[in-house]
Amino acid sequence: MKKHCVLPLLMAAAVLASGCQAAEAADTTGQTALVTPSDMFTDRDLEVGYDETTAAAITLSGSAASCDSDAVTIDGSTITITDEGTYLLSGTLDDGMVIVDAEDTDKIQLVLNGTSIHCADCAALYVRQADKVFVTTATDTQNTLSGGDTFTPLNDNNIDGVIFSKSDLTLNGLGTLTIDSPAGHGVVTKDDLAVTSGTYAITAAEQGLSGKDSVRIADGTFTLTTGKDAIQSDNTEDTDKGFVYLAGGTFTITAEGDGLSASSWMQVDDATCTITTGGGSANGETHVSDTAPGGMGGGKGGRMPQMDGTTTPDGSTQPPEPPTGETPPDGMEPPADMPQDAAPSDSAAVSDTAAATTTDTADSTDASTTDTVSTKGLKAGTALTILGGNFTLDCADDAFHSNGDLTVSGGTANIQTGDDAFHADNALTIADGAIDISTCYEGLEGLTVTVSGGDINVVVSDDGVNAAGGADQSGFGGNGQDQFAAESGVSITITGGSLTVNAGGDGLDSNGDLTISGGTVYVSTKDGNAYSALDYNGNASITGGTLIGAGSSGMAQNFGENSTQGAILLTVDAQAAGSTVSISDSAGNVLVSWDAPQAFSSVVISCPGLEADGTYTVTTGTSSTEVTLDGLLYGSGGMGHGGMGGGNRANRGETVQNAAASA
């Protein structure tokens with residue numbers, strides 16, 4: 001008796017361990033709670049074994065096939081399986097197909113044992129009816145399924161994938177499956193699609209892996225090259241479905257659409273993902289200033305930079321230049337009679353909520369659609385949760401995107417994107433992880449942005465962190481509201497972690513409140529009157545943590561009166577990129593020091609040790625300024641929101657004693 005009863009216990013244990021984290025419900029996101037692999041995969045999904053002695057052997061030979069089983073009928077090059085069981089396929093079928101048409105209670109396993117099937121005008125494997133079908137690649141075998149240049153409907157079904165299933169489908173095994181679909185999708189199921197093991201190389205004109213109700217991946221190695229989304233689940237009829245779950249796996253994705261897309265929620269426990277979408281960040285959409293002149297509010301109506309000849313210093317750590325032909329955020333000069341301090345403000349990126357009606361909710365299985373193609377890395381309709389993994393993303397559009405909440409609790413990410421690195425229409429929360437964003441338009445964007453942990457480095461052509469509610473409305477009174485008014489429910493909150501922002505626009509930009517109670521924050525912005533390290537419409541307070549912000553002086557803001565930790569805002573002599581900013585106490589102890597990567601003429605500093613009535617020395621480059629705190633706040637800033645009556649007018653009339661050192 002010859003049996004192949006391999007149950008990959010170590011793999012299963014690793015998969016189960018990778019996502020066994022308890023979690024609270026995610027209130028309004030559509031994902032009721034975080035899930036674990038035991039919720040998503042059955043024991044049989046993980047089982048890759050089979051008994052060769054009891055399996056029905058189907059031998060393919062050119063334009064014909066043979067099998068002794070009564071459950072298999074053969075009509076030329078069409079093989080139809082009608083009963084539950086295990087079927088072992090081997091050989092080559094030049095132009096034909098395998099059809100599963102069994103009872104809707106039957107479970108069927110198809111073992112590919114060195115199998116090659118080409119179908120010129122339909123699916124190589126078509127599951128018309130069954131309870132569930134398991135496609136298993138035999139150990140160390142090479143298997144190929146391919147389609148032609150067209151798909152012809154069969155049994156009134158619009159078949160458009162090389163593997164097309166109307167029932168639940170599981171792919172597993174210890175071999176390799178190559179799928180080539182020049183006219184349609186690679187793998188499609190109208191129910192749940194699970195992949196638990198195996199190696200897959202899929203080239204498809206449309207989607208690579210598609211499950212209407214869900215796509216669930218426990219493990220495997222995937223190379224996906226697609227004309228649309230690489231992995232997609234889209235169910236507009238049932239909001240509890242249409243989700244994508246990754247417990248593990250290694251993915252190399254090149255997609256003209258999204259990398260991974262879910263109409264409802266998406267959760268990644270652990271995976272290694274190298275994803276390029278839409279040709280990469282160099283092909284991102286051109287960002288043009290909205291209706292001019294801009295409002296002078298925070299993120300949404302932000303300040304429009306002036307064209308005063310100021311340029312970002314050269315160097316690999318500087319914010320990226322906009323793509324060729326792009327009008328940058330500083331692409332319009334204020335009217336000549338407008339005071340410098342009243343320079344209009346720059347705009348935040350538009351929320352994807354509205355755009356989703358034409359791009360994100362477009363039926364990507366419809367080859368005739370004329371809607372703009374969505375080219376995001378990972379995209380979820382209701383909630384996107386990243387618990388771990390390693391991500392290398394080069395995307396024309398957002399790298400991580402959620403139309404609801406977006407939560408990052410671990411993992412590593414190296415990101416290049418033509419738009420936002422992280423975008424949430426609702427709450428963006430980063431609790432842990434190592435995140436390096438080398439190219440983007442905006443870094444972290446959400447209705448609320450909360451950073452409680454992690455190590456985050458952002459190089460951005462516009463705002464580093466942006467909290468904005470609703471659609472972007474630039475211009476004076478662009479949305480009929482006071483552009484200086486704080487938006488309810490909009491905030492940036494930093495309680496821990498390390499955040500470094502190198503911005504071409506504002507550093508921390510909130511249409512509402514800004515609160516820092518912990519962590520380490522370094523912010524460098526372009527030295528032009530329209531930019532500032534801190535830009536907020538509501539209240540700003542600091543009660544703990546460390547912050548150094550270096551940028552322009554014209555719109556600079558300090559923290560407000562609710563702060564319980566000292567904060568100093570100074571206008572300084574123009575300093576070159578790379579100049580050191582530091583602050584020392586009266587005994588000469590350096591409290592904090594940082595090398596600013598861009599030129600600057602203003603600094604805001606807050607750190608533990610700054611106390612009321614204390615005297616401190618702020619050093620910028622070769623110049624030093626002695627400051628005595630009268631209370632906790634020093635310096636009021638210019639035409640920023642606080643300058644219009646906000647809470648940052650501390651010590652407004654105080655004279656700064658400048659003890660500039662000689663060069």
Tightest non-hydrogen contact, residues Gly148 and Ala183, listed as O-CB, 3.5 Å
Does some side-chain heavy atom of Leu508 sit less than 4.5 Å from a side-chain heavy atom of Val523?
yes
Could you tell me if the side chain of Leu406 sits less than 4.5 Å from the side chain of Phe400, heavy atoms only?
yes
Taking atom types as modelled, is there a side-chain donor on Tyr245 or Asp269 under 3.5 Å from an acceptor on the other?
yes
Distance (rounded to the nearest 0.5 Å) between Asn511 CG and Leu447 CG
9.5 Å
Under the ring-ring contact (aromatic ring centres under 6.0 Å, His included) definition, can you give me all pairs with a residue in residues 214-240, not counting sequence neighbours?
Tyr200-Phe222, Phe222-Phe251
Testing the 3.5 Å rule here: is there a donor-acceptor pair between the side chains of Ser281 and Asp394?
yes
With a 3.5 Å cut-off and no angle check, do the side chains of Gln207 and Asp229 form a donor-acceptor pair?
no
Taking all heavy atoms of Ile159 and all of Phe151, pick out the closest pair and write down the distance.
O-CB, 3.1 Å
Using distance alone, with no hydrogens and no angle criterion, decide if Thr189 and Asp191 have a side-chain donor and acceptor under 3.5 Å apart.
no
Is there a donor-acceptor contact under 3.5 Å from the side chain of Gln598 to the main chain of Ala503?
yes
Apply side-chain hydrogen bond (donor to acceptor under 3.5 Å, both in side chains) to the pair Asn143 and Thr141, showing each step before the final yes or no.
CA-CA 6 Å; Asn143 306 276; Thr141 61; 2.9 Å; yes
Distance col, row Thr448:OG1 vs Asp405:CG, nearest 0.5 angstrom, shows 7.5 Å
Test: Lys376 and Asp258 ion pair at under 4.0 Å:
no
How far does OH of Tyr531 sit from CG of Asp462, to the nearest 0.5 angstrom?
7.5 Å
Carefully, step by step, assess Asp234 and Lys212 under the rule salt bridge (charged side-chain N to carboxylate O under 4.0 Å, His left out).
CA-CA 5 Å; Asp234 186 3; Lys212 180 177 181 180; over 6 Å; no
Are Ser146 and His118 linked by a side-chain donor-acceptor pair shorter than 3.5 Å?
yes
So CG of Leu145 and OG1 of Thr178: to nearest 0.5 Å the spacing works out to 9.0 Å
Report yes if some heavy atom in the side chain of Val135 is under 4.5 Å from a heavy atom in the side chain of Leu169; otherwise report no.
yes
Sequence neighbours left out, what passes side-chain contact (heavy atoms from CB on, under 4.5 Å) with Thr272? Give chain and number order.
Thr250, Asn390
Enter the distance from Thr152:OG1 to Asp121:CG here, rounded to the nearest 0.5 Å.
4.0 Å
Going by the angle between their ring planes, with limits at 30° and 60°, are Tyr126 and Phe164 parallel, tilted or perpendicular?
tilted
Taking only Lys NZ, Arg NE, NH1 and NH2, and the carboxylate oxygens of Asp or Glu, determine whether Asp398 and Lys379 approach each other closer than 4.0 Å.
no
Rounding to 0.5 Å, atoms CG (Leu125) and CG (Leu112) come to a distance of 8.0 Å
